[in-house]
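The figures here come from the full heavy-atom set of this structure, side chains too, leaving out hydrogens, waters and symmetry mates. Quantities reported herein were computed from a predicted structural model and do not represent experimental measurements. Order of the sequence lines sets the chain letters (A, B, ...), proteins ahead of strands, with each chain counted from 1.
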Amino acid sequence: MKKGFIRINSELCKGGGLCIAACPKGSIRIRNKLNIRGYHPAEYTEKEKSKNRKCTGCALCAIICPDIAIEVFRD
Amino acid sequence: MAKQVFTRPKALKDNIFHYCPGCGHSIIHRLLAEVIDELGIRDKTVGVPPAGCAVLAYNYIDVDMGEAPHGRAIAVATGIKRTRPDLIVFTYQGDGDIAAIGTAETIHAANRGERLSAIFVNNGVYGMTGGQMAPTTLLGQTTTTSPGGRLPLRDGFPLDLSQMLAVADGSVYIERTAVTSPKNIIKTKRAIKKAFQVQMDDLGFALVEILSQCPINWKLSPVDACKWVEEEVVKSYPLGVIKDTTQAQNRMDRMKRGKRAKT
Ligand SMILES: Cc1ncc(C[n+]2csc(CCOP(=O)(O)OP(=O)(O)O)c2C)c(N)n1
Ligand code: SF4
Ligand code: SF4
Ligand SMILES: [Mg+2]
């Protein structure tokens, strides 16, 4: 299985949660801490370099993000 | 080294979208920008944004834009295209814009086969002004001006503008899509690209109707708003190609120019 990772720009995120519903791996959650505009942004739950991360870099989260807050990388 | 597989399209400015969380408008903006990038037409594309939540589309899509008064986008675009046929002209209109106040010029533009690509963003309400009922509002749907739900014999039936435009002989490509899931978003991008291609091939009028979520006015979470489109809105507005005569049109066009039709 291919491995990937994402980077979420928490200041662009409005916390809509569409990425969380779209991610087949459950690799995204809502952050407790507010961003500067007062939203609870999405946060990636895995470590970019971790060997056992589940993210495949499928980009489903980024495709549905209305605020283009997610960048996707593949190994 | 990890390689980046998803990033912001070049034809989109760096500005932060003003739309509410989960709104479909900015997804559609991004798809437009991706299509403009892929077709390499940024320097010859002109957009006509509406009155509606997308009134500020010129802050995002990095092509020349000429703002139109409410409902007049197709008329303004017709003027631009007829003076400069070398340009690629698209309109970006809400349902209140194109299917209410702008119905008349839209039907006639389709009938004349204006070489335009119309992007019709159907969220079933007047989003910008506070979620009032639109001609496209579903039966029974609660809005600020139909508090007990839309009643057909008082408020009329949901208007299917795309079907109406398909009747006009000048329209060659009309498809209805949604932006509720990655799969639907990819289909929407394909449809937008085709609508541009139809114009670049000089075939006639093309329109993509996109069912778009307005979580704020529907009073639903973004995820539930997407679900509502997929479960309820599509019953009145089924997804899919409504009209596609591009192949027949291609043949007719070549014949008109005295060239032999490709078989
Ligand atoms: C001539 C005119 N009449 C009314 C308005 C008020 N107005 C602004 S936006 C709008 C409707 C917007 O609804 P829609 O086109 O569906 O766009 P949305 O905001 O839902 O994307 C109206 C009635 C106006 N700007 N100009
Ligand atoms: S790229 Fe795919 S697997 Fe990775 S976080 Fe996004 S949706 Fe989940
Ligand atoms: S009111 Fe509706 S259409 Fe307008 S920005 Fe908000 S969610 Fe989008
Ligand atoms: Mg609307």
Side-chain angles (χ1 to χ4, degrees), chain A residues 1-31 34-44 46-51 53 55-75, chain B residues 1-34 53-54 60-61 121 123 178-190 210 212-216 218 220-227 229-230:
Chain A
M1 199 62 169
K2 270 198 189 137
K3 279 210 188 299
F5 61 87
I6 61 166
R7 288 185 187 146
I8 302 178
N9 183 332
S10 57
E11 295 311 325
L12 287 181
C13 178
K14 293 172 185 157
L18 291 171
C19 55
I20 298 174
C23 177
K25 300 292 176 186
S27 301
I28 312 173
R29 65 175 171 222
I30 288 289
R31 190 179 84 184
L34 295 171
N35 68 10
I36 197 135
R37 290 188 295 153
Y39 296 112
H40 288 286
E43 92 183 327
Y44 181 48
E46 306 181 308
K47 294 241 161 21
E48 274 180 24
K49 299 233 161 66
S50 148
K51 282 229 158 32
R53 62 189 201 274
C55 175
T56 56
C58 67
L60 296 178
C61 54
I63 289 170
I64 203 158
C65 175
D67 289 281
I68 320 177
I70 304 179
E71 290 181 313
V72 185
F73 301 81
R74 251 178 240 163
D75 287 351
Chain B
M1 246 272 291
K3 105 172 174 290
Q4 191 157 2
V5 293
F6 187 98
T7 189
R8 207 180 170 84
K10 292 205 169 55
L12 214 52
K13 298 179 187 176
D14 273 337
N15 299 331
I16 295 177
F17 291 118
H18 70 281
Y19 300 108
C20 311
C23 176
H25 272 302
S26 49
I27 299 177
I28 300 163
H29 287 11
R30 188 192 83 226
L31 297 180
L32 269 162
E34 288 176 356
C53 282
Y60 308 118
I61 303 169
V121 181
N123 58 15
V179 286
T180 50
S181 66
K183 187 171 147 211
N184 280 333
I185 291 169
I186 290 164
K187 280 192 189 162
T188 299
K189 180 174 169 183
R190 216 177 292 148
I210 304 165
S212 179
Q213 48 277 14
C214 175
I216 287 289
W218 298 351
L220 294 172
S221 74
V223 173
D224 287 343
C226 291
K227 224 178 269 167
V229 172
E230 290 175 359

With a 4.5 angstrom heavy-atom cut-off, could you sort out which part of [X] is near chain B: side chain, backbone, both or neither?
X       : value
A:Leu12 : side chain
A:Ala21 : side chain
A:Ile70 : backbone
A:Cys13 : neither

Give me the atom names and distance for the closest heavy-atom approach of [X] to [Y].
X        : Y       : value
B:Pro182 : A:Leu60 : CB-CD2, 3.5 Å
B:Cys226 : A:Leu18 : SG-CD2, 3.7 Å
B:His18  : A:Lys14 : C-NZ, 4.2 Å

- Message: Once rounded to the nearest 0.5 Å, what's the spacing between atom CZ of B:Arg8 and atom CD of A:Glu71?
- Response: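 Going from CZ on B:Arg8 over to CD on A:Glu71, the span is 10.0 Å.
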
- Task: Return the option, out of B:Val5, B:Val179, B:Thr7, B:Ile27, with the maximum number of heavy-atom pairs under 4.5 Å with chain A.
- Result: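 Counting heavy-atom pairs under 4.5 Å, the top option is B:Val5.
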
- Which of the residues B:Cys23, B:Gly24, B:Gly22 is involved in the greatest number of heavy-atom pairs with chain A at under 4.5 angstrom?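 Max contact count across the listed options: B:Gly22.
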
- Given A:Ile64 and B:Lys183, is the side-chain contact (heavy atoms from CB on, under 4.5 Å) satisfied, shown in steps? CA-CA 9 Å; A:Ile64 203 158; B:Lys183 187 171 147 211; over 6 Å; no

- Message: Can you tell me which portion of B:Ile186 sits under 4.5 Å from chain A's heavy atoms? Options are side chain, backbone, both or neither.
- Response: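 Only the side chain of B:Ile186 comes within 4.5 Å of chain A.
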
- Message: Does any backbone or side-chain atom of B:Leu12 lie under 4.5 Å from a heavy atom of chain A? Answer side chain, backbone, both or neither.
- Response: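 The answer is the side chain of B:Leu12.
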
Are side-chain heavy atoms of [X] and [Y] found at a separation under 4.5 Å?
X       : Y       : answer
A:Asp67 : B:Tyr19 : no
B:Phe6  : A:Ile63 : yes
A:Arg37 : B:Ile16 : yes

- Message: Taking every non-hydrogen pair under 4.5 Å, which of A:Pro66, A:Ala22, A:Gly16 racks up the most with chain B?
- Response: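 Heavy-atom pairs under 4.5 Å are most numerous for A:Pro66.
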
- Query: Is A:Lys3 atom NZ crowded by more than 12 heavy atoms from other residues, nucleotides or ligands, each under 6.0 Å away?
  - Reply: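 Atom NZ in A:Lys3 is crowded, with more than 12 foreign heavy atoms closer than 6.0 Å.
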
